[in-house]
Participant: 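The structure that follows is given in the form of structure tokens.
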Amino acid sequence: MLILSLFMLSASFQQAGGKWIKEHEIHGSFLHEELGRQVVLLGDLDGDRHSEVLVAAPGADLGVPFPFGKVRVFSGSTQEILFETTSADFSNASVIGRRAERIGDVDQDGLPDFALATLQLIAEPYASIIVVSGGTFQVIARLFSPPGSGNLGGRGLAGGVDLSGDGIPDLVASDEYYTGSLDYQGAVFAYDSTTWQPLWVAEGNLAWLRLGQSLACIHDINGDGYNDVLTASSYAGSEGSVHALSGKDGSEIYRIDGIPGWSYLGIGGFAVVPDINGDGIEDFVTDMNPRSVSTYQFGFLNVYSGADGALLHQIQGDVPNNGFPNFVVNIGDVDQDGFEDVATSAVRQPTPGNGRGVVYVYSGRNWQVLARIPAPPKQSWFFGWALSGGEDVTGDGRVDLGVGDHPAHYSGIIAAGAAYIYSFEPFLRTSVKQVSASSGGQVDFDLQFPPEEAGKKYRMLVSTDLPGSIVLGKMEIPLKHTPLTWAVAHNPPNWFTGSRGTLDANAHATASAVFPANKFTSHVGTTLKFVALTMRPIRKPDRSSAAVYVEIVP
């Protein structure tokens, strides 16, 4: 008998099906190098079907008293250094690599480009943004901070969408400390990537508002034909506000104010996601944190409508006072279910082996946890401070995850820093994602577990697509326990062949679900969720696949 006992989810690190694999890691070699302050998956720049990886180390020792900082681009396939630059390569740059972002193809050569923020500590201009070609690694442009700005791009740097209407991605940068007519009012600056002249400037309307504490571009949310911008402010340490700004002129479209008792709404950035609520407009996810670590409160991710800022959903952290959520980013469709997923981190959460920091991945389909990735043992301090995704580094056709931990110790070196690349292996794949009730059809499943599972018994389970999980000890099976789950586990229907058996010497098996014509018409609109398990000799589940989805359509 397959045992399906249900347990409450504990604070340990249950994994919700599949496996996250640490593919690459790099460590700093200098005291306070802070390698991994920024980790950016840039996309495939050399045509080998592997995304390149940018890693910034703003404290890197250059062998001179001043300046500091190094940015390198690594090949996703060979890990060789393709490009390296330091702050010594530029005049008026004391530090480089404090922020880096991919910004789309601004030079129109067919390859994505990226931008780097620098800081000058001695004299004006105090900051600049360097735009670099992803094709040639040549400098396309350098934008210096305007009067009143000393931290341009330090907290907000974004691109990838056209704001001017010429079809070419533009650049947006912010400075929360900008002082124009008011002290520390903050500002957002939009630049035309064809001329590198300002398109507009949006200034905070209060002293100490500090507009521009985070930044993202979003496709047209107010229907005026121009793409738009999201940013955040926090007046004098208040709950904070999210501001949706017009990409046409920088005027405010709407504002979302934080909730009393929580602080700094939106300063952890924005994960812009495809339309959730069916209005045809992109939506977004951002952070809401407890005001004090002494209040024993949980942090939240808030999911908002891009059209009007209405709250659509909230995701509560697993553990209170653990730094959740620190940062949030869209990492692409990790589990290939047709929905783009998001990642955030709890940088203060303790992990086994005296590490600190957990990266959480959430499904864009139902906002359930897809993964809890704990920090590597011993050396980790703020694992997950930097996050990036949406590109395939390993070349397996799936998007990967980049993680930075800039205060990490390495070989006794304090704050040497570390950067990691993780890939996701679901263990289960399906041939189709839809089947017609009227004409019927066959769905083939491919089970591929790790080599150590070879020769083990396996079972497949199915449920309707409901939120929830079955938790067995430290394993989380990513489906809801329903009567259908129980029936398939104990008496597999004749339309589901190969739903149980033994993995071969390569830990592989196949199964098929045959849907006869006109037998499932009452189930049109239903989505079925399938999971594969390997079994211990005592007939308890040992390892779970990720879920795959099959929708029954007319």
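These numbers come from a predicted model, not from an experiment.
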Participant: Looking at Phe424, Phe427, Tyr360, which one forms a ring-ring contact (aromatic ring centres under 6.0 Å, His included) with Trp20?
Facilitator: Phe424
Participant: With a 4.5 Å heavy-atom cut-off, do Trp367 and Val342 have their side chains touching?
Facilitator: yes
Participant: Below 4.0 angstrom, N of the basic side chain to O of the carboxylate: do Lys70 and Glu33 qualify?
Facilitator: no
Participant: Say whether Thr534 and Glu453, considering side chains only, have a donor N or O and an acceptor N or O under 3.5 Å apart.
Facilitator: yes
Participant: Could you check whether any side-chain heavy atom of Asn302 comes within less than 4.5 Å of a side-chain heavy atom of Ile256, counting everything from C-beta outward?
Facilitator: no
Participant: Could you tell me whether the side chain of Val132 reaches within less than 4.5 Å of the side chain of Phe83, counting heavy atoms only?
Facilitator: yes
Participant: Consider only side-chain N and O atoms of Thr502 and Lys457, and report whether a donor and an acceptor are under 3.5 Å apart.
Facilitator: yes
Participant: Between Tyr549 and Arg365, is there a cation-pi geometry (under 6.0 Å to ring centre, at most 45° from the normal)?
Facilitator: yes
Participant: Can you name the closest pair of heavy atoms from Arg99 and Leu157 and give their distance?
Facilitator: NE-N, 3.9 Å
Participant: Name the orientation class of the two ring planes belonging to Trp208 and Tyr184 (parallel below 30°, tilted from 30 to 60°, perpendicular beyond 60°).
Facilitator: tilted
Participant: Would you check if the side chain of Asn326 reaches a backbone N or O of Gly323 as a donor-acceptor pair within less than 3.5 Å?
Facilitator: no
Participant: Which atom pair, heavy atoms only, marks the closest approach of Val329 to Ala271?
Facilitator: C-CB, 3.6 Å
Participant: Could you pull out the closest heavy-atom pair between Ala418 and His27, with the gap in Å?
Facilitator: CB-ND1, 3.7 Å
Participant: Compare every heavy atom of Pro374 with every heavy atom of Thr351, then report the nearest pair and how far apart it is.
Facilitator: CG2-CB, 3.8 Å
Participant: Decide, yes or no, whether a salt bridge links Arg398 with Asp392 under the criterion of side-chain N to carboxylate O below 4.0 Å.
Facilitator: no
Participant: Identify whether the distance between the nearest side-chain nitrogen and carboxylate oxygen of Glu425 and Arg429 falls below 4.0 Å.
Facilitator: yes
Participant: If only side-chain N and O atoms count, and only distance matters, is there a donor-acceptor pair under 3.5 Å linking Ser128 with Thr118?
Facilitator: yes
Participant: Are Val285 and Phe270 close enough that some pair of their side-chain heavy atoms sits under 4.5 Å apart?
Facilitator: no
Participant: Could you label the plane-to-plane angle of the Tyr422 and Tyr420 rings as parallel, tilted or perpendicular, counting under 30° as parallel and over 60° as perpendicular?
Facilitator: tilted
Participant: Considering only NZ, NE, NH1 and NH2 on the basic side and carboxylate oxygens on the acidic side, decide whether Asp113 and Arg102 come within less than 4.0 Å.
Facilitator: no
Participant: Are any non-hydrogen side-chain atoms of Ile96 and Phe68 less than 4.5 angstrom apart?
Facilitator: no
Participant: For the pair Asp175 (side chain) and Gly153 (backbone), establish whether a donor and an acceptor sit closer than 3.5 Å, ignoring hydrogens and angles.
Facilitator: no
Participant: Closest approach of Tyr458 and Ala509, non-hydrogen atoms and distance?
Facilitator: CE2-CB, 3.5 Å
